[in-house]
> 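After the structure tokens below, expect a handful of questions from me.
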2 protein chains.
Amino acid sequence: MPPPPAAREKVLDAFQRLLIERGARETTLDAVAKAAGVSKGGLLYHFGSREALIEGLLIRLKTQADADLVSMKSATEGPAAYYIRTSASAQTPLDLSLLAATRLLQRSHPRTREVLAGVHEQWYKVLRSAVGDPAVARLIMLIGDGMYYGATLSGAESGPSAAAPDVGEVLELVDELVRSREASGPGQMTLPARPMGQNRAEPPV
Amino acid sequence: MPPPPAAREKVLDAFQRLLIERGARETTLDAVAKAAGVSKGGLLYHFGSREALIEGLLIRLKTQADADLVSMKSATEGPAAYYIRTSASAQTPLDLSLLAATRLLQRSHPRTREVLAGVHEQWYKVLRSAVGDPAVARLIMLIGDGMYYGATLSGAESGPSAAAPDVGEVLELVDELVRSREASGPGQMTLPARPMGQNRAEPPV
DNA sequence: GTCTATATTCCGATAGAC
DNA sequence: GTCTATCGGAATATAGAC
């Protein structure tokens with residue numbers, strides 16, 4: 001089987017890179033073609049319109065996400081740790097596709113949102129079957145989302161902020177929560193709410 | 001003191017709404033002017049350029065964030081619970097500003113990212129002084145970010161997904177973690193890592 | 001398949017009337 | 001302060017040569 005035409009992939013690479021670096025607004029067909037090293041006509045041969053280019057990115061994203069799900073399910077560290085650890089990175093091809101798709105989010109164009117939500121839902125299903133407590137599974141999803149959001153905020157030049165946790169710290173805390181829940185037993189799921197962030201001080205009644 | 005000119009605020013409102021609904025690409029000066037009910041010339045009187053319009057949005061965002069910090073510090077439920085609870089909403093004026101600014105993120109334009117990172121840092125400082133354990137404070141930041149990211153993903157028509165937790169559930173889990181940490185004492189901060197997501201099963205060696 | 005050249009529409013910004 | 005009219009340039013997309 002001959003290798004697939006490289007031009008298509010180069011165009012998608014450039015499209016993603018420009019979306020992340022310069023945003024959707026400046027990511028014009030001209031700019032993508034130039035960054036990919038092809039002419040605009042050449043680009044439009046592979047992707048007949050801007051919309052088709054977006055669809056190509058979303059299809060690539062789904063393919064990469066499906067492959068990632070397989071790795072997640074079979075990770076020796078467990079799906080939860082795998083999910084948290086990989087959420088911290090913004091380097092893998094899947095991360096780049098996710099970041100790029102995020103730049104295309106808009107309410108009036110549901111396609112991108114649907115794909116991202118679908119990937120999200122798949123992750124949750126794996127977490128849900130791997131972690132005993134559904135609430136903990138959902139919390140892990142939130143933490144992963146939060147780490148991913150931090151990746152969208154951080155630029156190349158800005159150093160790590162004080163609020164940026166490292167992966168080991170997060171894994172440790174989640175592990176502690178999982179063990180705490182296991183100890184309290186599966187039957188007890190509803191605890192009375194208590195104010196947080198006021199060490200040892202009782203809230204006013 | 002006469003009320004400040006309403007046109008400026010109406011323009012900023014329309015700018016935010018369009019950024020959220022239709023993305024940065026379709027949020028042109030024409031579209032903003034039309035949505036705000038003014039002419040393009042009228043818009044450009046208040047904001048002399050597209051860049052000035054963005055700066056106006058960021059200034060509004062900082063003002064709203066500063067006001068929110070005051071509420072956060074004095075919340076009777078405590079800063080941590082306040083932070084988590086308000087992160088779930090995407091309805092307040094501050095939420096709209098945050099969502100809109102997110103649509104403007106791009107690496108080559110550091111200004112938006114700096115403002116968002118600054119707001120983030122302020123939140124962390126309050127959490128840090130309210131929660132005993134810095135690692136827990138950082139985890140709460142992540143959870144809030146994750147809830148906010150979920151808000152950027154969810155559209156108006158799509159129902160809540162299975163992976164979407166409610167606020168009470170999250171508050172309960174964080175509360176449990178805080179109490180678990182308090183019980184184990186402040187001195188013990190480093191625990192050996194252990195695989196997660198594999199209930200009671202030991203990982204292969 | 002890939003290119004250049006071009007058609008058409010639209011964007012940001014300016015000029016100037018009121 | 002708000003408007004209309006318009007300029008110069010850039011965007012998407014098409015046509016057609018090679």
Side-chain angles (χ1 to χ4, degrees), chain A residues 1-60 100-101 103-106 108-109 111-112, chain B residues 1-60 100-101 103-106 108-109 111-112:
Chain A
M1 194 188 298
R8 248 188 93 98
E9 299 304 311
K10 283 207 315 185
V11 167
L12 281 180
D13 291 343
F15 186 44
Q16 290 183 353
R17 181 157 27 94
L18 284 175
L19 280 173
I20 296 170
E21 298 272 336
R22 303 208 268 161
R25 182 181 181 77
E26 296 178 21
T27 302
T28 66
L29 297 189
D30 292 80
V32 172
K34 190 176 173 185
V38 297
S39 70
K40 183 154 55 164
L43 186 156
L44 284 162
Y45 170 77
H46 293 289
F47 302 96
S49 69
R50 183 183 169 82
E51 202 56 35
L53 187 56
I54 294 175
E55 186 58 28
L57 167 61
L58 295 179
I59 289 174
R60 169 190 269 194
R103 302 288 199 234
L104 295 172
L105 274 177
Q106 56 182 96
S108 59
H109 189 293
R111 178 88 180 110
T112 304
Chain B
M1 195 189 298
R8 251 188 92 99
E9 300 305 311
K10 282 207 313 184
V11 167
L12 281 179
D13 291 343
F15 186 46
Q16 291 183 352
R17 182 156 30 93
L18 283 175
L19 282 173
I20 296 169
E21 299 270 337
R22 313 208 332 214
R25 182 181 180 76
E26 295 178 21
T27 303
T28 65
L29 296 188
D30 292 80
V32 173
K34 190 177 173 185
V38 298
S39 69
K40 182 153 56 162
L43 185 156
L44 284 163
Y45 170 79
H46 293 289
F47 303 96
S49 69
R50 183 184 167 80
E51 204 55 35
L53 187 55
I54 294 175
E55 186 58 28
L57 167 60
L58 295 179
I59 290 175
R60 169 190 270 195
R103 301 290 199 231
L104 295 172
L105 274 177
Q106 58 184 94
S108 60
H109 189 293
R111 179 84 180 112
T112 304

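Protein chains get the first letters and strands the later ones, always in sequence-line order, with residue 1 at the start of each.
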> Rounding to an integer number of Å, can you tell me how far Phe47(B) CZ sits from dA13(C) P?
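Distance, rounded to whole Å: 14 Å.
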> With each end axis built from five pairs of C1' atoms, what bend angle do you get for the helix from dG1(C)-dC18(D) to dC18(C)-dG1(D)? Round to 10°.
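End-to-end axis angle: 0°.
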> If I compare all heavy atoms of Ala35(A) with all of Leu18(A), which pair ends up nearest, and what's the gap?
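Taking every non-hydrogen atom into account, CB-CD1, 4.0 Å.
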> Tell me which donor-acceptor pairs under 3.5 Å the side chains of residues 48-56 of chain A have, and how far apart each pair is, sequence neighbours excluded?
from     : atom 1 : to        : atom 2 : distance (Å)
Ser49(A) : OG     : Glu51(A)  : N      : 3.3
Ser49(A) : OG     : Ala52(A)  : N      : 3.1
Arg50(A) : NH1    : Thr27(A)  : O      : 2.9
Glu51(A) : OE2    : His109(A) : NE2    : 2.6
Glu55(A) : OE1    : Arg111(A) : NE     : 3.0
Glu55(A) : OE2    : Arg111(A) : NH2    : 2.8

> Roughly how far, to the nearest 0.5 Å, is the CG atom of Leu43(B) from the CG atom of Leu29(B)?
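Answer rounded to 0.5 Å: 6.0 Å.
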> Rounding to a whole Å, what distance do you find between Lys34(A):NZ and dT4(C):C1'?
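These atoms are roughly 17 Å apart.
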> Where do Leu19(A) and Ala24(A) come nearest, in terms of heavy atoms and distance?
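Closest approach of Leu19(A) to Ala24(A): CD2-CA, 3.7 Å.
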> Give, for atom OG of Ser39(A) and atom NZ of Lys34(A), the distance between the pair rounded to the nearest 0.5 Å.
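Interatomic distance, Ser39(A) OG to Lys34(A) NZ, rounded to 0.5 Å: 14.0 Å.
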> Lys10(B) NZ to dG1(D) C1': how many Å, rounded?
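It is 13 Å, rounded to the nearest whole Å.
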> Taking the basic N atoms (NZ, or NE/NH1/NH2) and the acidic carboxylate oxygens, is any pair closer than 4.0 Å for Asp13(A) and Arg8(A)?
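No, Asp13(A) and Arg8(A) are not salt-bridged.
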> Just how far, in rounded Å, is C1' of dT4(C) from OH of Tyr45(A)?
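So the two atoms are 18 Å apart, to the nearest Å.
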> Does the side chain of Glu21(A) come under 3.5 Å of the side chain of Gln106(B) through a donor N or O and an acceptor N or O?
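Result is no, nothing qualifies.
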> Could you state the interatomic distance from CZ (Arg25(A)) to CZ (Arg103(A)), rounded to the nearest 0.5 Å?
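Taking CZ in Arg25(A) and CZ in Arg103(A), the distance rounds to 15.0 Å.
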> Mind calculating the distance between CD (Glu26(A)) and P (dA10(D)) to the nearest angstrom?
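It is 13 Å, rounded to the nearest whole Å.
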> With the sugar-phosphate defined as primed atoms, P, OP1 and OP2, and the base as all remaining atoms, what B/S/- string results for nucleotides 12-18 of chain D, 5' to 3', for protein heavy atoms under 4.0 Å?
BBB----
